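Quick notes on the structure that follows.
Computed over heavy atoms, backbone and side chain alike; hydrogens, waters and symmetry mates excluded. Note that the coordinates shown come from a computational prediction; the quantities given were computed from them, not determined experimentally. Chain identifiers are assigned alphabetically (A, B, ...) following the order of the sequence lines, protein sequences preceding nucleic acid strands; residue numbering begins at 1 within each chain.
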2 protein chains.
Amino acid sequence: MATDHRPDSRRTLTLRDVSEASGVSEMTVSRVLRNRGDVSRSTRDRVMKAAKDLGYVPNKIAGGLASQRVNLVAVIIPSLSNMVFPEVLTGISQVLDDTGLQPVVGVTNYSPEREERVLYEMLSWRPSGVIVAGLEHSDAARAMLTNAGIPIVEIMDVDGPAIDSVVGISHHRAGQMMAQTILAAGYRRIGFLGTQMPHDHRARKRLEGFTAALAAAGLALEDREYYDGGSALLKGREMTEAILSRRPDLDFLYYSNDMIGAGGLLHCLDAGIDVPGRLGLAGFNGVELLDGLRVRLATMDACRLEVGRAAAEILTGKTADGRSSGVRIELTPRLDPGQTIRAPR
Amino acid sequence: MATDHRPDSRRTLTLRDVSEASGVSEMTVSRVLRNRGDVSRSTRDRVMKAAKDLGYVPNKIAGGLASQRVNLVAVIIPSLSNMVFPEVLTGISQVLDDTGLQPVVGVTNYSPEREERVLYEMLSWRPSGVIVAGLEHSDAARAMLTNAGIPIVEIMDVDGPAIDSVVGISHHRAGQMMAQTILAAGYRRIGFLGTQMPHDHRARKRLEGFTAALAAAGLALEDREYYDGGSALLKGREMTEAILSRRPDLDFLYYSNDMIGAGGLLHCLDAGIDVPGRLGLAGFNGVELLDGLRVRLATMDACRLEVGRAAAEILTGKTADGRSSGVRIELTPRLDPGQTIRAPR
DNA sequence: ATGCGCTATGTTACCGCTAACGGTCCTCGG
DNA sequence: CCGAGGACCGTTAGCGGTAACATAGCGCAT
């Protein structure tokens with residue numbers, strides 16, 4: 001650094017400074033500041049005052065090393081721009097706020113390599129727990145998680161073996177359920193529009209469940225359209241126009257997420273297409289945005305907030321039996337038919 | 001914790017384990033793992049192999065205490081659900097990824113008390129820098145920042161005195177600029193729709209700049225509408241309907257953010273209102289979402305990505321003169337007239 | 001041979017805090 | 001009056017690394 005950052009040219013404060021200022025031992029100061037152990041009311045007040053006057057801020061680095069306990073929870077998610085994950089984070093924070101634990105977020109950008117790096121980085125801070133999105137990890141990442149010696153919660157997805165605890169929904173079944181609903185409504189020529197992300201396993205599983213249900217009815221997807229990057233709403237519009245001009249006979253479009261679904265819906269409304277009569281639409285995630293559209297898009301809620309809360313509760317031992325590992329919670333997504341799937345016939 | 005988390009019943013590994021496994025001193029292992037100092041090729045390889053085989057993960061708590069350096073940058077923002085902040089974060093990450101520094105995010109929910117708490121918590125980890133949104137802080141928070149002895153960058157806003165460095169735009173001028181554009185287009189009966197957030201100082205400053213420019217032209221806001229919580233898009237719709245039914249004579253609506261602006265635009269389109277002929281609209285932020293609408297909303301880009309990047313560059317000393325404190329960067333927001341402001345007359 | 005400079009490695013002394021234990025009063029029942 | 005037990009506070013010994021300073025070995029010019 002090129003410049004000085006000691007406004008008052010003092011080195012940073014330590015417990016010793018507070019102890020000298022208040023005339024007690026460092027240990028007593030430590031006890032006061034952590035609110036632990038017996039300290040008389042009078043000394044407590046004196047120490048508190050001294051600490052505040054000096055502007056003392058404890059050093060958790062030193063504290064963590066000494067106590068072998070760190071009040072951090074590593075939260076590893078693929079992205080922050082998806083809106084789904086901030087909502088999960090909100091759930092986590094809600095629960096963690098009451099405890100001493102603090103979430104630290106790492107973002108992987110859907111890259112296994114980055115996940116590995118981020119995880120390594122996080123674990124090197126010796127957090128007291130890890131919440132990580134998804135069940136798919138590199139071998140190295142899996143090994144790190146297994147050997148970390150702390151509770152691990154994999155979230156968002158329950159379709160596969162868990163390392164320790166797991167909280168989420170079955171995306172396979174979610175896709176299935178949506179397909180069955182669509183079929184029950186009489187739609188038959190179905191197209192899919194999704195993201196070009198090989199590492200979005202949950203989207204993949206939804207599609208697998210979806211096509212499996214179609215296959216069970218002797219059907220297959222008629223057409224697909226993928227996108228990559230850019231404004232999802234705009235892409236949804238463009239892709240919808242593209243797929244419909246290619247296959248005007250399609251009677252249903254299944255989108256891998258609500259954002260492109262909303263784009264598609266906007267296109268259909270603008271183009272004067274009869275929704276849900278001639279064409280049905282459905283997305284996934286139950287994003288708040290949809291509430292603002294004139295026509296409500298059919299969607300499925302992935303219980304993001306609840307997933308976050310449950311994961312945090314596991315780490316804090318707030319489970320039914322107080323266990324903080326080996327817990328498995330499968331939530332059931334709610335299917336909201338909105339106004340873009342016609343009534344079953 | 002109720003359950004055991006030592007799959008292999010070993011305590012967690014330390015440098016000593018690696019040193020014993022590779023037959024060199026702990027110091028040499030430390031050098032290898034940090035890639036610092038001279039170590040022969042052969043021992044380096046041996047140590048690396050041992051570390052990998054054991055699955056050793058360094059303990060940054062101990063390392064940080066010993067070296068008095070912590071590769072963390074505290075990033076303190078009001079919210080994650082605003083989309084603006086994740087984008088700033090992206091900018092920060094882009095720059096920090098190349099350095100050894102790692103961002104740690106704290107969220108304040110626009111509450112000064114929470115900001116103070118989060119800041120205290122963050123500083124207790126002794127980060128090597130702080131990036132904090134806004135110039136308004138409690139006295140205690142300001143004192144902590146001043147005395148932390150590390151570079152501080154306040155971002156998003158330059159209208160006011162900075163503690164150390166600052167990167168952002170002038171929201172006052174942004175509001176002014178928008179008002180002038182609107183006036184130049186001939187609109188005269190102007191309404192405002194915004195959030196009910198006393199602590200969103202940037203929104204407040206925009207509105208102040210906006211009304212100041214109106215006043216300079218002898219005008220004032222004709223009506224206002226505020227909301228609080230819920231889906232911004234929907235609220236935008238509802239508020240727009242409400243304000244227009246109350247004051248059908250308004251010829252322009254200025255929104256405090258793009259999300260409610262987009263909601264308003266959708267309402268107008270659905271209601272068949274002539275935009276921008278009879279009614280003009282404008283928002284703020286340049287969110288990606290707008291690209292997906294049939295009609296592009298007038299907006300102003302707050303240079304979020306650039307703000308994040310510049311802030312991170314200051315902390316890493318990547319400035320013109322290598323300084324990492326006392327830097328001031330004012331960016332100029334771009335006004336995008338979109339298709340909801342008519343041509344100047 | 002001598003000593004210099006370099007590379008490669010080891011030793012020592014902490015970093016700031018807390019767990020664990022010890023000590024000192026004081027109270028109070030027997 | 002004594003000892004047990006509690007309230008309160010101090011002392012000691014690390015936690016797992018790293019900075020800073022040796023130290024050992026080697027090639028090479030003198």
Starting the side chain at C-beta, find the nucleotide from D/dG17, C/dA19, D/dA19 nearest to B/Ser67.
D/dA19
From the list D/dG16, C/dC17, C/dG10, which nucleotide is the closest neighbour of the side chain of A/Leu65?
D/dG16
Rounded off to whole Å, could you give me the CD-to-P distance for the A/Gln68 and C/dA20 pair?
11 Å
Residues which pass side-chain hydrogen bond (donor to acceptor under 3.5 Å, both in side chains) with B/Thr28, listed by chain and number, not counting sequence neighbours:
B/Ser25
Using five pairs at each end of the helix from C/dA1-D/dT30 to C/dG30-D/dC1 to define an axis, what is the angle between those two axes, to 10°?
50°
Phosphate OP1/OP2 of D/dG17 contacted by B/Tyr56 side-chain N/O (<4.0 Å)
yes
Does A/Thr28 place a side-chain N or O at less than 4.0 Å from the phosphate oxygens OP1/OP2 of D/dG10?
yes
A/Asn59 meets the side-chain hydrogen bond (donor to acceptor under 3.5 Å, both in side chains) criterion, sequence neighbours left out, with none
From CD1 of A/Ile61 over to P of D/dG17, roughly how many Å is that when rounded to an integer?
13 Å
Ranking B/Val24 and A/Gly63 by the position along DNA chain C of their nearest nucleotide, the one closer to 5' is B/Val24
Can you pull out the residues from residues 29-47 of chain A that lie within a 4.0 Å heavy-atom distance of DNA chain D?
A/Arg31, A/Asp38, A/Val39, A/Ser40, A/Thr43
Rounded off to whole Å, could you give me the NZ-to-P distance for the B/Lys60 and D/dT18 pair?
10 Å
Per atom distances to the A/Glu26 side chain, the nearest of C/dC17, D/dC15, C/dA19 is C/dC17
Could you give all pairs that pass the side-chain hydrogen bond (donor to acceptor under 3.5 Å, both in side chains) test and reach residues 60-72 of chain B, with sequence neighbours left out?
A/Glu121-B/Lys60, A/Glu121-B/Asn71
Value in whole Å for how far the C1' atom of C/dG10 lies from CZ of B/Arg16:
13 Å
Which salt bridge (charged side-chain N to carboxylate O under 4.0 Å, His left out) pairs, counting each pair once, include a residue from residues 22-34 of chain B, with sequence neighbours left out?
B/Arg16-B/Glu26
Got more than 12 heavy atoms from elsewhere within 6.0 Å of CE, B/Met197?
yes
Non-neighbouring partners of B/Asp53 that pass side-chain hydrogen bond (donor to acceptor under 3.5 Å, both in side chains), sequence neighbours left out
B/Lys49
Which pairs would a plain distance check flag for residues 98-106 of chain A, meaning a side-chain donor or acceptor within less than 3.5 Å of a matching protein atom at least two apart in sequence or in another chain?
{"from": "A/Thr99", "atom 1": "OG1", "to": "A/Leu96", "atom 2": "O", "distance (Å)": "2.8"}
{"from": "A/Thr99", "atom 1": "OG1", "to": "A/Leu101", "atom 2": "N", "distance (Å)": "3.0"}

I need the CG-P distance between A/Leu15 and D/dT11, as an integer number of Å.
15 Å
Check whether the side chains of A/Thr43 and A/Ser40 place a donor and an acceptor atom closer than 3.5 Å, and report yes or no.
yes
Ranking D/dA19, C/dT18, D/dC9 by distance to the side chain of A/Met27, first place goes to C/dT18
Verify the contact: side-chain N or O of B/Arg69 to OP1 or OP2 of D/dT18, cut-off strictly under 4.0 Å; return yes or no.
no
Using the side-chain hydrogen bond (donor to acceptor under 3.5 Å, both in side chains) rule, collect all pairs that involve residues 130-140 of chain A, keeping only residues at least two apart or in two chains.
A/Glu115-A/His137, A/Glu116-A/Ser138, A/Glu136-A/Lys205, A/His137-A/Glu154
